[in-house]
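Notes follow the structure.
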Amino acid sequence: MKLLRIVRNVVLLVLALCLCAVLALAFLGWQMYTQALEEMPLDQKVRQVRAQESYTTFEELPDTYVQAVIAAEDHRFYQHSGIDVIAIGRALWNDLKAMSFVEGGSTITQQLAKNLYFTQEKQLTRKVAEMFMAFHLEANYTKEEIFELYVNSIYFGSGCYDVASASQTYFGVSPSQMTDDQCTLLAGVPNAPSVYDPTVNPDLSQQRQRQVVSLMVKYEYLTETEAASLLAAA
């Protein structure tokens, strides 16, 4: 009985310490989030992005491009409210197995929050602040507006920080003029811009494109026949 009491007390102590750590992390993340908004409110930050000369609206984006990005980056984009609990759980499990940050589990909204306010450094406090900012974004903007801001603030390689610059640099066309082949190729680049830059590593960028198309089939944006036809024309 004495041994059981000791084990119980140790378990309770560990749980209490874990709870304290989680609360401390949440507090620090909240502080980082509120400080970021104090330095520049969200509406002002959004106006800055929209003021870019090369800004592209959601209506100007081909459906294939939108579907390819969602399939590749955040297939539950229209179902979640800023964070994807399932993806975070999977990423946490994989990180614990690897004992390092190998998977992020970030949604498109979280990636937008990071691009607007935070650094690319993999830090737990920043990750929590990013989650708070993602909820803030979802509460103030539609899914289409969030997607639009996202593709106008991510890095595509070759010095391109928005979809219009990327489509012009890689294909010589505006986003609205991209073919299905170009849409699926470009959708895969931001995952690792230095690796999948079509002008630097064309073979790797096409390999990534095939992964994107496969995900589009998996999430029912394309049939197997449509996917095969698209890749054959690439």
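When reading the values below, keep in mind they use all heavy atoms of this one structure, side chains included, and skip hydrogens, waters and symmetry mates. Positions are given from 1, in the same order as the sequence printed here.
Judged purely by atom type and a 3.5 angstrom limit, Gln52 uses its side chain to pair as donor or acceptor with the backbone of Asn152. A donor-acceptor pair under 3.5 Å links the side-chain atoms of Tyr117 to the main chain of Leu42, judged by distance alone. A donor-acceptor pair is defined here as one N or O able to donate and one able to accept, closer than 3.5 Å; no such pair exists between the side chain of Gln44 and the backbone of Pro41.
Two residues are said to be in side-chain contact when any heavy atoms from C-beta on lie closer than 4.5 Å; Asp74 and His80 meet this criterion. The shortest distance between side-chain heavy atoms of Glu73 and Asn191 falls below 4.5 Å. Two residues are said to be in side-chain contact when any heavy atoms from C-beta on lie closer than 4.5 Å; Tyr196 and Leu185 fail this criterion. Ser165 places none of its side-chain heavy atoms less than 4.5 Å from the side chain of Phe156. Residues Ser106 and Lys127 form a side-chain contact, since some pair of their non-hydrogen atoms from C-beta on lies under 4.5 Å apart. Residues Phe147 and Ile70 meet the side-chain proximity criterion, which asks for heavy atoms closer than 4.5 Å. You'll find the side chain of Tyr55 stays beyond 4.5 Å of the side chain of Asp162, heavy atoms only. At least one side-chain heavy atom of Arg50 sits under 4.5 Å from a side-chain heavy atom of Glu148.
Within 6.0 Å of the CD atom in Glu53, the count of heavy atoms belonging to other residues, nucleotides or ligands does not exceed 12. Within 6.0 Å of atom CG in Asp63, 12 or fewer heavy atoms from other residues, nucleotides or ligands are found, so the atom counts as exposed in its surroundings. Enclosure of atom CD in Glu220 is not indicated, since only 12 or fewer non-hydrogen atoms of other residues, nucleotides or ligands lie within 6.0 angstrom.
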Does the pair Tyr141 and His136 meet the rule for a side chain to side chain contact (heavy atoms under 4.5 Å, CB included), with working shown? CA-CA 9 Å; Tyr141 296 93; His136 191 49; over 6 Å; no
Verdict with supporting geometry, Val128 and Leu28, side chain to side chain contact (heavy atoms under 4.5 Å, CB included): CA-CA 8 Å; Val128 174; Leu28 292 172; over 6 Å; no
Walk me through it: do Leu149 and Val46 pass the test side chain to side chain contact (heavy atoms under 4.5 Å, CB included)? CA-CA 8 Å; Leu149 290 164; Val46 168; 3.9 Å; yes
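Cluster annotation: Phe171 is not connected to Tyr161 through the hydrophobic network of ILVMFWY side chains, with a link wherever side-chain heavy atoms come within less than 4.5 Å. Leu116 is connected to Phe58 through a chain of hydrophobic side-chain contacts under 4.5 Å among Ile, Leu, Val, Met, Phe, Trp and Tyr, so both are in one cluster. Residues Tyr150 and Tyr155 do not share a hydrophobic cluster, defined by chaining ILVMFWY side chains whose heavy atoms lie under 4.5 Å apart. The hydrophobic cluster containing Met40 does not contain Val49, counting ILVMFWY residues as joined when their side-chain heavy atoms lie under 4.5 angstrom apart, directly or transitively. Hydrophobic clustering (side-chain heavy atoms under 4.5 Å, transitive across Ile, Leu, Val, Met, Phe, Trp, Tyr) groups Leu230 together with Val173.
Atom OG1 of Thr199 sits about 5.0 Å away from atom OH of Tyr170, to the nearest 0.5 Å. Taking CG of Asn115 as the reference point, atom CE of Met133 lies at 12.5 Å (rounded to 0.5 Å). Interatomic distance, Gln209 CD to Cys183 SG, rounded to the nearest 0.5 Å: 10.0 Å. Between the OH atom in Tyr219 and the CZ atom in Phe77 there is a gap of 15.5 Å [rounded to 0.5 Å]. Note that OG1 of Thr184 is 10.5 Å distant from CD of Gln206, once rounded to the nearest 0.5 Å. Note that the CD atom of Glu130 and the OG1 atom of Thr107 stand 7.5 Å from one another [nearest 0.5 Å].
In terms of heavy atoms, Glu60 sits closest to Thr57 at OE1-N, 2.8 Å. Closest heavy-atom contact between Pro198 and Ser205: CA-OG, 3.7 Å. Ala134 approaches Ala113 most closely through the heavy-atom pair N-CB, 4.1 Å. Listed here is the closest heavy atom pair of Ser174 and Gln168: N-NE2, 3.5 Å. Looking at every heavy atom in both residues, Gln110 comes nearest to Gly82 through CG-O, 3.6 Å. Shortest non-hydrogen contact noted between Leu112 and Ser153 is CD1-OG, 3.5 Å.
One side chain, Gln211 or Arg208, offers a donor N or O that lies under 3.5 Å from an acceptor on the other. There is no side-chain donor-acceptor pair under 3.5 Å between Lys143 and Thr109. No side-chain N or O of Thr225 forms a donor-acceptor pair with one of Thr223 less than 3.5 Å apart.
Partners of Ala187 under the side-chain contact (heavy atoms from CB on, under 4.5 Å) rule, at least two apart in sequence or in another chain, are Tyr65, Ala68, Val69, Val212. Here Phe132 pairs with Trp30, Tyr33 under the ring-ring contact (aromatic ring centres under 6.0 Å, His included) rule; sequence neighbours left out. For the side-chain contact (heavy atoms from CB on, under 4.5 Å) test, residues two or more places apart in sequence or in another chain that qualify with Lys218 are Leu215.
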